[in-house]
Amino acid sequence: MANVSLKSVVKRFGEVVAVNKVDLDIADEEFLVLVGPSGCGKTTTLRMIAGLEEVDEGEIYIDDILVNDVPPKDRDIAMVFQNYALYPHMDVYNNMAFGLKLRKFPKDEIDRRVKEAADILGIHELLKRKPKQLSGGQRQRVAVGRAIVRHPKVFLFDEPLSNLDAKLRVQMRAELSKLHDRLKATMIYVTHDQIEAMTMGDRIVVMKDGIVQQVGTPLDLYNKPQNKFVAGFIGTPSMNFLDVVIKKEGDALYLDGESFKIKIPTEIQSALLPYVNKEVTLGIRPQDIYDCNFSQEMAEVDGNVIETTVDIVEPLGSEQTVYLVTGPHVLVAQLDMRTHTSVGDTLKILVDTSKIHLFDVETEQAIV
């Protein structure tokens with residue numbers, strides 16, 4: 001397979017900078033995911049790697065070879081599109097074989113590769129069917145199979161699961177991950193779905209407005225977001241953000257949210273001394289909020305109890321999402337079903353202070 005490098009890559013559409021000085025190094029056999037909201041530049045970045053969009057500035061290397069001026073057919077890549085892009089008049093076998101026929105491969109080699117890919121994807125019995133006779137998941141397997149038979153250096157996926165229903169997306173996520181492990185291929189995958197990104201990627205690139213916000217493993221992005229955007233984009237439900245003021249009382253620092261006060265852990269207080277009496281943004285994930293009734297020991301030791309009013313309850317079976325109001329703030333908590341609560345109830349909660357994130361209000365960069 002191959003490594004891929006982007007060096008200060010820029011793409012403009014008129015006056016709009018769609019991709020702004022992107023630097024990326026994708027290792028051989030890595031599964032890298034580009035994720036971000038619509039219009040963030042992730043698909044444009046993928047299309048530049050494929051050669052379907054020209055690079056305005058910067059350089060793209062595939063296997064250490066500069067490919068800026070190399071046409072798509074000569075880059076030795078295979079791309080799987082969101083809409084599958086199958087030929088409706090051809091059966092599955094010929095859809096998968098078409099690219100090899102164009103390249104004048106011998107018939108027996110084409111047959112071997114198509115049947116090998118069909119076995120890998122479990123679509124051998126579909127080879128004589130036309131695309132209109134296939135389900136969405138089957139069409140997606142065919143599109144992936146068409147890429148596999150090429151034996152490319154790099155696989156590119158452009159939101160390939162977005163047209164599938166929720167259950168099938170979960171199944172196909174697992175299948176693509178297994179496929180990567182089996183092929184030992186370099187794969188670059190674009191999605192707007194952060195759950196797809198978290199479950200599939202060796203590393204994730206989070207983009208916003210054409211700029212790379214952070215690159216890291218799924219757990220790095222979840223536990224150590226570098227800015228407020230990444231913190232809010234990664235994780236479901238989204239991280240809570242509360243405007244608080246850092247106050248100093250004796251030797252201790254507190255987060256003052258008007259209706260509550262949280263003691264800041266000793267090990268991070270020194271980093272926050274420049275922010276005393278200033279406003280910062282407190283980030284806390286819904287999974288790091290607990291019902292005091294089931295966290296008595298933590299409440300007694302920590303003392304950071306917040307009294308809230310229940311606003312909305314969304315039961316999800318094994319757990320529930322609860323919207324809580326305290327003063328001017330709304331908090332979303334993910335609690336287990338042992339918490340029996342209804343709209344209007346008072347609920348005392350505890351924030352796990354070892355899991356808090358603090359962001360500069362002006363730059364939105366992480367402080368700790």
Side-chain angles (χ1 to χ4, degrees), residues 213-214 216 219-235 237-312 321-336 338-339 341 344-368:
Q213 302 293 310
Q214 187 172 349
L219 287 179
D220 278 344
L221 297 185
Y222 186 84
N223 293 321
K224 300 174 184 177
Q226 291 179 358
N227 59 42
K228 185 178 174 183
F229 175 79
V230 174
F233 192 83
I234 299 294
S238 295
M239 183 181 286
N240 296 289
F241 294 114
L242 313 176
D243 291 329
V244 297
V245 176
I246 294 182
K247 296 288 183 69
K248 192 171 190 298
E249 296 181 13
D251 293 330
L253 295 184
Y254 291 85
L255 299 172
D256 188 340
E258 295 185 32
S259 58
F260 63 86
K261 191 168 69 172
I262 296 175
K263 186 177 180 181
I264 297 172
T266 305
E267 58 269 22
I268 63 171
Q269 289 193 13
S270 59
L272 297 171
L273 288 174
Y275 289 88
V276 170
N277 296 323
K278 294 181 180 178
E279 189 174 82
V280 298
T281 300
L282 164 65
I284 188 71
R285 296 200 180 279
Q287 296 83 358
D288 298 324
I289 296 173
Y290 302 94
D291 178 354
C292 281
N293 291 323
F294 303 108
S295 306
Q296 290 291 348
E297 291 182 11
M298 288 176 65
E300 289 170 9
V301 171
D302 201 300
N304 295 319
V305 175
I306 302 173
E307 189 168 294
T308 67
T309 302
V310 177
D311 190 38
I312 301 172
T321 302
V322 184
Y323 293 75
L324 305 164
V325 177
T326 174
H329 309 291
V330 176
L331 279 164
V332 180
Q334 204 153 45
L335 307 174
D336 68 34
R338 291 182 301 167
T339 297
T341 190
D345 288 354
T346 296
L347 184 67
K348 291 184 177 180
I349 61 166
L350 179 74
V351 169
D352 184 348
T353 54
S354 69
K355 302 287 182 63
I356 63 173
H357 302 265
L358 295 170
F359 304 93
D360 186 288
V361 170
E362 293 182 3
T363 67
E364 297 193 347
Q365 296 298 304
I367 303 169
V368 292

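The residues of the chain are indexed from 1 along the displayed sequence.
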Can you tell me how far apart [atom1] ([X]) and [atom2] ([Y]) are? Round to the nearest 0.5 Å.
| X | Y | atom1 | atom2 | answer |
| --- | --- | --- | --- | --- |
| I349 | I289 | CD1 | CD1 | 5.0 Å |
| L335 | L347 | CG | CG | 6.5 Å |
| L358 | K228 | CG | NZ | 12.5 Å |
| K263 | L255 | NZ | CG | 12.5 Å |

Of the non-hydrogen atoms in [X] and [Y], which two are nearest, and what is the gap between them?
| X | Y | value |
| --- | --- | --- |
| L242 | H329 | CD2-CB, 3.8 Å |
| I264 | Q269 | O-NE2, 2.8 Å |
| G257 | V244 | CA-CG1, 4.0 Å |
| V322 | L324 | CG1-CD2, 3.5 Å |
| Q226 | Q365 | O-OE1, 3.4 Å |
| P265 | I356 | CD-CD1, 4.3 Å |

Check: Looking at side-chain heavy atoms only, is the closest gap between F233 and Q213 below 4.5 Å?
Finding: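 Heavy-atom side-chain distance check fails, nothing below 4.5 Å.
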
Next item on the list: Would you mind reporting whether T326 and L331 have side-chain heavy atoms less than 4.5 Å apart?
Entry: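 The answer is yes, as the side chains (C-beta and beyond) meet within the 4.5 Å cut-off.
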
Notebook entry, point to check: For residues 239-251, which residue pairs qualify under salt bridge (Lys or Arg N to Asp or Glu O under 4.0 Å), counting only residues two or more places apart or in two chains?
Noted result: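 Those involving residues 239-251 are K247-D256, E249-K261.
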
Holding to side chain to side chain donor-acceptor pair (under 3.5 Å), I want the full list of residues that pass it with [X], two or more places apart in sequence or in another chain.
| X | answer |
| --- | --- |
| T346 | none |
| N240 | none |
| S238 | none |

If the condition is ring pair (Phe, Tyr, Trp, His ring centres under 6.0 Å), which residues does [X] pass it with, not counting sequence neighbours?
| X | result |
| --- | --- |
| Y254 | none |
| Y323 | none |
| H357 | none |

Residues forming a side chain to side chain contact (heavy atoms under 4.5 Å, CB included) with [X], sequence neighbours excluded:
| X | result |
| --- | --- |
| Q334 | P237, P286, Q287, L316, E319, T321 |
| D220 | T217 |
| A231 | P225, M239, F241, F359 |

Note to self: Quick check on side-chain hydrogen bond (donor to acceptor under 3.5 Å, both in side chains): which of D291, N293, D345 does T339 satisfy it with?
What the structure shows: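 Between T339 and the candidates, side-chain hydrogen bond (donor to acceptor under 3.5 Å, both in side chains) is satisfied uniquely by D291.
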
Next item on the list: May I have the step-by-step check of side-chain hydrogen bond (donor to acceptor under 3.5 Å, both in side chains) for Q214 and N227, ending in yes or no?
Entry: CA-CA 8 Å; Q214 187 172 349; N227 59 42; 5.9 Å; no

What pairs of donor and acceptor atoms, side-chain ones from residues 271-284 against any protein atom, are under 3.5 angstrom apart with sequence neighbours left out?
{"from": "Y275", "atom 1": "OH", "to": "D360", "atom 2": "OD2", "distance (Å)": "3.0"}

Next item on the list: Go through the structure and list residues passing salt bridge (Lys or Arg N to Asp or Glu O under 4.0 Å) with D311, not counting sequence neighbours.
Entry: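 Once residues adjacent in sequence are excluded, D311 has no partner under the salt bridge (Lys or Arg N to Asp or Glu O under 4.0 Å) criterion.
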
Next item on the list: Just do the side chain to side chain contact (heavy atoms under 4.5 Å, CB included) check on T308 and V325 with the steps written out, would you?
Entry: CA-CA 5 Å; T308 67; V325 177; over 6 Å; no

